[in-house]
Each structure stands twice: as structure tokens, then as C-alpha cells.
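A quick write-up on the structure given underneath.
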Amino acid sequence: MVTERQNEILNLIIEIFTKTHEPVGSKALQESINSSSATIRNDMAVLEKQGLLEKAHTSSGRKPSRAGFQYFVRHSLAFDRLAENEVYEVIKAFDHEFFRLDDILQQAADVLSQLSECTVLGLDVEPSQQRLTAFDIVVLGQHTALAVFTLDESNTITSQFLIPRNFLKEDLRRLRDLVQERFLGQTVLDIHYKIRTEIPQIIQRYFTTTDNVLDLFDHIFSEMFEEKVVVAGKVNLLKFASSETYQLVDQPRKIALEIRENITEEQMQAVRVADSKEPSLSELTIITSKFLIPYRGFGMLVVIGPVNLDYQKIVSQINVVNRVLTMKLTDFYRYLSSNHYEVN
């Protein structure tokens, strides 16, 4: 059991160590801990026996162990603090007009990566939970066309495709009508299921020749099933992670799945210290924070860094970026849903 004073000592050692990266001795704690040097050393020895501190070989000081960081995150980390000295810097970074959701997410990831000096990911709403609200096909040329999907009345995805040789103009219209009739208002998860179960039988009613139609469905809808992940500060991984981690970040579906498994639906923030099931992340810290995307659901900001982070500082930075990001997204979607022009 950790006493109140021992908890205070552990917190102070973590605070000092994450700033200096040097072992901390009892004398460095005396100004903040109202106890004698001998008492502090005894408490440090107890914390070491419990596996929360480690003794440095080159000095008499101690440093936090992995278990010590994990204990701090569970018992002492304040999730509601703001990095007030960095509020202006974050607001200024967002002080321009954005034209796409991706650009807003990328800016948030870039700002947070610069502040934290870690790798940062930005995740959109989980694809399976998004709803198809509009669909059309635009003919680009004699042999090519563009499928245009709108998800949640705001997120547009396009998929260019080669028009099958046996297709007529009427077939493209039938394809559009089929999607609009069967899929509008449905979630991406439901659409994925229907393509596998209902569509093979239904297309026979729409097309006289069904060759390549199912393959075409698979092709044009594949973009809609993909995770949208933006990355910032990827090069920072080279300081504290393996090449496998570096490669993992280039696999949106896999990294997004791992991130989503590290936070429950009810949680708004989660800190995982060296306990990921993914081998390339198992020695790292993953800090996840959800943010509201109006009318659509929750996205995520994810900080990936070493175990010996200044957790309180980074969580406070995330909170600042999260709040400014939410305000920017609110303005963005308010503009999208407003009647901002008139056509005579």
C-alpha cells in the first residue's frame, strides 16, 4: 500500500525526472516534502521495493519505473487541466479558414505533435457508424466515371472507376438508382453486409448482363470502408520506437483498430502505459482523447510516445487542442448546414 506521503514523493520524482531525465535524490525533494532527508530516503526505498521506483547505477537517486508511471496515471493524473500558457499559441494556429474536415484534423495533429514532441494521429468517426446520405455518378469521359458518396451530410468520398465494356448509359443510371434506393440512410456497416448478401440477387433485376457488376460494387465502395487517419510527427517515432512501429503508422486500418480497442465507448480519455497487445506498441504510451464532430459522432486525437513522458503536461496540451478543435469543427459544420448564399 502506498501512503499519502509516498504518493506525493512518487509524483514529485516523476515530475522532476520527466523534465530533467536525471535520477532524483532525497535532497531534491526536501523543499517540497515536509519531512527529513532520512524519512524521504526510507519512503523511496519502500517505493523501490514495491517496484514503483528504480535505483540508478551511477548515483544514489531514483527514477520512476514502468510500474511507477502506470501507478501515477491510474491514481494521480488529472484529466481536466489545461495548458493555459499554450492556449494562445493553439488558437493562433487555427486562425484561418479551412475547406475540408481532413485539413482541420491535420492541423490539430500538427499542433499537438509540435507541442508534445511525439507522434500524433487524428481519427475521423469510425467508418462503420457513418451513414450514407447522398450518392451520385458523374461521367468523366467516354470510359471513366466518378462515384460520389456523402456520409453524414458532410463527409464526401469519391471513387473513380473504369466503366465496364458491356455498360450502357442506362446501366450507369440503374447503378445509381440501385444505390439510392437500397443504401441511402443506411450505415456503412449495413451497406457492407447488404453488398455481400442482398445485392448479388437484386442486380439481376436491374441489369440484363451482370458480369463485372459485383466487382464494380466492391471497387467503388472500398473507399467508403477505409479508416481516415491523419499523422503528424511521424519522424519522432525514430527517437523512441522501432521500425515496426514506424511501419504500423502507415497502415490506417490496423493502427485505427488497435487505437479503438484501447478505449471503451464510454471513455472520453484513456492512457495506456506499455500494455498494448500490439507488439510494436507494447513498450510505448498511447494517450487517446475523443472530440465531438457535430452531427456525426466522435473523432480521436492520439499521442504515441515513450513511457517516460510528462503525462500531466501532455494531457493538458491535448485538452487545449481538443477544445479549440471542437470550436473550429462547430463553426465548420454550422456553416455547412446554413443557407449562406442565394440563387436567383
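The basis for the numbers below is simple: all heavy atoms, side chains too, and nothing from hydrogens, waters or symmetry mates.
- Listed for the E223 side chain is no donor-acceptor partner under 3.5 Å among the backbone atoms of T158.
- At most 12 non-hydrogen atoms from other residues, nucleotides or ligands lie less than 6.0 angstrom from CD of E153.
- Between the side chains of D110 and Q114, no donor-acceptor pair is found at a separation under 3.5 Å.
- Counting only N and O atoms by type, the side chains of E181 and Y206 include a donor and acceptor under 3.5 Å apart.
- In this structure a side-chain-to-backbone donor-acceptor pair under 3.5 Å is present from S113 to C118.
- For the pair K234 and Y246, the cation-pi criterion (under 6.0 Å, within 45° of the ring axis) is fulfilled.
- Classified by interplanar angle (parallel below 30°, tilted 30° to 60°, perpendicular above 60°), the ring pair H192/F225 is perpendicular.
- The 12-atom threshold is exceeded at CD of E170, counting heavy atoms of other residues, nucleotides or ligands nearer than 6.0 Å.
- Taking the six-membered ring for Trp and the full ring otherwise, the centers of F298 and F291 sit at least 6.0 Å from each other.
- When side chains are defined from C-beta on, V2 counts as touching Q50, because their heavy atoms get closer than 4.5 Å.
- Counting only distance, with no hydrogens or angles, the side chain of S32 and the backbone of L29 share no donor-acceptor pair below 3.5 Å.
- When side chains are defined from C-beta on, I293 counts as touching Y333, because their heavy atoms get closer than 4.5 Å.
- With hydrogens and angles left out, the side-chain atoms of E258 and S276 include a donor and acceptor closer than 3.5 Å.
- With salt bridges taken as basic N to acidic carboxylate O contacts below 4.0 Å, one links R173 and D177.
- Checking side-chain atoms of Q186 against main-chain N and O of F183 turns up no donor-acceptor pair under 3.5 Å.
- Looking at K228 and N155, their side chains do bring a donor and an acceptor atom within 3.5 Å of each other.
- Neither V315 nor M300 shares a network with the other; the hydrophobic side chains, linked directly or stepwise wherever heavy atoms of I, L, V, M, F, W or Y lie under 4.5 Å apart, form separate groups for each.
- A donor and an acceptor atom, one from each side chain of T133 and T150, are nowhere located under 3.5 Å apart.
- Side-chain contact between E227 and P127 is present, with heavy atoms from C-beta onward closer than 4.5 Å.
- The shortest distance between side-chain heavy atoms of T330 and P294 falls below 4.5 Å.
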### Task
Evaluate salt bridge (charged side-chain N to carboxylate O under 4.0 Å, His left out) for R182 paired with D190, printing each intermediate quantity in order.
CA-CA 11 Å; R182 297 284 174 170; D190 290 337; over 6 Å; no
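- Salt bridge E226/R253: present, at least one basic N to carboxylate O contact under 4.0 Å.
- Taking a cutoff of 4.0 Å between a charged side-chain nitrogen and a carboxylate oxygen, D331 and K328 do not qualify as a salt bridge.
- Within a 6.0 Å radius of CZ in R272, more than 12 heavy atoms belonging to other residues, nucleotides or ligands are found.
- Looking at N322, its side chain does come within 3.5 Å of a backbone N or O of K290 through a donor-acceptor pair.
- Using a 4.0 Å cut-off between a side-chain N of Lys or Arg and a carboxylate O of Asp or Glu, E283 and R66 qualify as a salt bridge.
- The shortest distance between side-chain heavy atoms of Y88 and V90 does not fall below 4.5 Å.
- In this structure, R62 does not pair ionically with E54, as no charged nitrogen and carboxylate oxygen lie closer than 4.0 Å.
- No donor-acceptor pair under 3.5 Å is formed between the side chain of N262 and the backbone N or O of I259.
- More than 12 heavy atoms of other residues, nucleotides or ligands lie within 6.0 Å of CZ in R74, so this atom counts as buried by the packing criterion.
- Using a 4.5 Å heavy-atom cutoff, the side chains of V148 and I137 are not in contact.
- Counted by atom type alone, E117 and N236 present zero donor-acceptor pairs between their side chains at under 3.5 Å.
- Aromatic ring orientation, F149 versus F135: tilted (interplanar angle from 30° to 60°).
- Between D95 and K92, none of the side-chain N atoms (NZ, or NE/NH1/NH2) sits under 4.0 Å from a carboxylate O, so this pair counts as no salt bridge.
- The backbone N or O of F79 lies less than 3.5 Å from a partner atom in the side chain of N319, making a donor-acceptor pair.
- No side-chain heavy atom of P64 sits less than 4.5 Å from a side-chain heavy atom of N308.
- With ring centers used as reference points, H96 lies under 6.0 Å from F98.
- Heavy atoms from other residues, nucleotides or ligands lying under 6.0 Å from NZ of K254 number 12 at most.
- Heavy-atom neighbours of E265 CD from other residues, nucleotides or ligands within 6.0 Å: at or below the threshold of 12.
- For T245 (side chain) and S280 (main-chain N/O), a donor-acceptor pair under 3.5 Å exists by modelled atom type.
- Ring centers of F99 and F332: at least 6.0 Å apart, outside the cut-off.
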